[in-house]
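Here the structure comes first, spelled out in structure tokens, and everything after it is commentary.
All residue numbers in this chain count up from 1 along the given sequence.
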Amino acid sequence: MEVLQYPLALIVTLGILVTIHELGHYLVARLSGVTITRFAVGFGRPLWARMDARGTEWVIAAIPLGGYVRMLDERELPRGDSVPAGSLAFNQLTPAWRIAIAAAGPAANFVLALVVYWILSIMGSVNAAPLLGPLQPEDAIAQAGGQVGEEIRAVDGVQTRSWQQVSVALAARLGESGAIELELRRPGSTRSRTIDVPIQDWHQGESDPPLLESLGINPLLPPMIGQVVGDSPAAAAGLRVGDLPLTVEAEAVPSWRSFVAAIQARPGKRLSLTVDRDGRQVALTVVPESRTAEGATEPSGYLGVGPPMNELTFGPLAAVGNAIDETIAKTGLTLGLLKKMVVGQVSVQNLSGPITIAEVAGNSARLGLNYFLGVLALLSISLGIMNLLPIPILDGGHIIWAAAEWVRGRPVPDQVQVLGAQFGLLAVGSLMIIALYNDVARLLQ
């Protein structure tokens, strides 16, 4: 079943993206009055087909790597045939209508992303706060003044409440030189400070660069106290939010997991605890409560503390603004990376094809609905942007041809459009070959 999960995730993901994209074309084409002969999701042999009352054939085809809306066009009719009475051909539309139809597909993908981010905003999320773990003196972030246990609140002014958001914000600086501005704050404090981490041609031309590791950022969860339950052993011992446990019974606890294990292994025992509190070492004595979890045979220690977590939830109206912000931010990131790929600041090895999409979609589906929807929204934005590129055979190319006709007052010569289509096929084919090569190379690594 795990083997089937990835192709199924690919089919579902591409099916949603392609259907929404083509529905955008279809709905605006319907408004224009043009005759639509086929709406297809997928290519190749039809697996299912149905003709509606308007004469449009709806098709689901065998190869789920795209789709199309076919409209009546005089240029595709057999010699001597004419447009049937009561029908309207695509080439008879005004340039404005043709631009609207071409742009509607990518626009539908951006609308899908907005809707998905709106849903995610209402669903809310609880994430481990992005706290700095153990640092080495030679690490770039340590040399810039970062300290263990501080939370990364923003990257270059972009708010971050999870490690995923930190990674996305850092990715926007790939290939650049200068300094990355980080806003840091200790849990339990209301004061933030900023540090500048210098970069020089940061991961320029690299594939799959280690964004966090190269700055010395350790995403492991340090044993920072983020929550203290009232009337708990931790509260009785004087533990506070923001305390950083260093040792339990003189044993170092470098991570949250090791701290929890040390407490759970000593139920009911009096323990000496050393914590870092605002730069001072404080000695405390705690007695973990003995509790036996449901289904367990042995008791374990309970202290009543939790790690720093960030909960983000929005009401229906506030979620609209957050969805717009998320869509704009992800669009800007995608455009920025695309530009850097063109000028060589980011390696083309970062291009991904269907194999990588299947892997990402499958993994996100296993992690939960929130992760899958987040990937779906990002892929939808990417599909919208890619289709707006001014390459003949893509929607952006159709917009260019129609805009040129609008300005010139007459259609672009057929010979020019044929040459453009050949160039477009070569360009898109080359990109697909590069993406597939990258997919295979990643599998073989």
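One finds the CD1 atom of Ile16 at 10.5 Å from the CG atom of Leu379 (value rounded to the nearest 0.5 Å). Taken to the nearest 0.5 Å, the OG atom of Ser167 stands 4.0 Å off from the CG atom of Leu212. To the nearest 0.5 angstrom, Glu405 atom CD is 9.0 Å from Thr94 atom OG1. We find the CG-OG1 distance between Leu378 and Thr327 to be 10.5 Å, quoted to the nearest 0.5 Å. Ile122 contributes atom CD1, which lies 10.5 Å from atom CZ of Phe314 (distance to the nearest 0.5 angstrom). Expressed to the nearest 0.5 Å, how far CG of Leu333 lies from CD1 of Ile328 amounts to 13.5 Å.
Judged purely by distance below 3.5 Å, without hydrogens or angles, the side chains of Glu181 and Thr194 never pair a donor atom with an acceptor atom. Side chains of Asn322 and Ser121: a donor-acceptor N/O pair is present below 3.5 angstrom, by distance only. Side-chain contact check for Ser347 and Glu206: no donor-acceptor pair (N or O, by modelled atom type) lies under 3.5 Å.
For the pair Ile20/Ser380, no side-chain contact is recorded, criterion being any heavy-atom separation below 4.5 Å from C-beta on. With a 4.5 Å cut-off on side-chain heavy atoms, Glu151 and Met224 do not count as touching. No side-chain heavy atom of Leu31 sits under 4.5 Å from any side-chain heavy atom of Leu27. Contact annotation: the side chain of Ile36 approaches that of Arg30 to within less than 4.5 Å [non-hydrogen atoms, C-beta and beyond]. With a 4.5 Å cut-off on side-chain heavy atoms, Phe110 and Leu388 count as touching. In this structure the side chain of Leu369 reaches within 4.5 angstrom of the side chain of Met123, judged on heavy atoms. The shortest distance between side-chain heavy atoms of Trp202 and Ser214 falls below 4.5 Å. Contact of the Leu112 side chain with the Leu17 side chain is registered, since non-hydrogen atoms from C-beta on lie closer than 4.5 Å.
Under the 4.0 Å criterion applied to side-chain N and carboxylate O atoms, Lys340 and Glu176 are assigned as salt-bridge partners.
The heavy-atom pair separating Gly420 from Trp401 by the smallest distance is CA-CZ2, 4.1 Å. Among all heavy-atom pairs drawn from Trp48 and Trp58, the shortest one is CZ3-O, 3.6 Å. Looking at every heavy atom in both residues, Ile225 comes nearest to Phe259 through CD1-CE2, 4.0 Å. The shortest non-hydrogen separation linking Leu389 to Leu394 is O-CB, 4.2 Å. In this structure, Leu135 and Gly146 approach most closely via the heavy-atom pair CD1-O, 3.3 Å. Nearest heavy-atom pair across Leu14 and Leu65 is CD1-CD2, 3.6 Å.
In this structure, the side chain of Gln345 does not engage the main chain of Gly205 through any donor-acceptor pair within 3.5 Å. Counting only distance, with no hydrogens or angles, the side chain of Asn387 and the backbone of Pro106 share no donor-acceptor pair below 3.5 Å. Side-chain atoms of Thr13 come within 3.5 Å of backbone N or O of Ala9 as a donor-acceptor pair. Thr35 contributes a side-chain N or O that, together with a main-chain N or O of Leu88, makes up a donor-acceptor pair within less than 3.5 Å.
Counted within 6.0 Å of CD on Gln164, heavy atoms from surrounding residues, nucleotides or ligands total 12 or fewer; the atom is thus considered open. The 12-atom threshold is not exceeded at CZ of Arg240, counting heavy atoms of other residues, nucleotides or ligands nearer than 6.0 Å. Within 6.0 Å of atom CZ in Arg45, 12 or fewer heavy atoms from other residues, nucleotides or ligands are found, so the atom counts as exposed in its surroundings. Around the CE atom of Met309, the shell of radius 6.0 Å holds more than 12 heavy atoms that belong to other residues, nucleotides or ligands. Heavy-atom contacts from other residues, nucleotides or ligands closer than 6.0 Å to CZ of Phe43 number more than 12.
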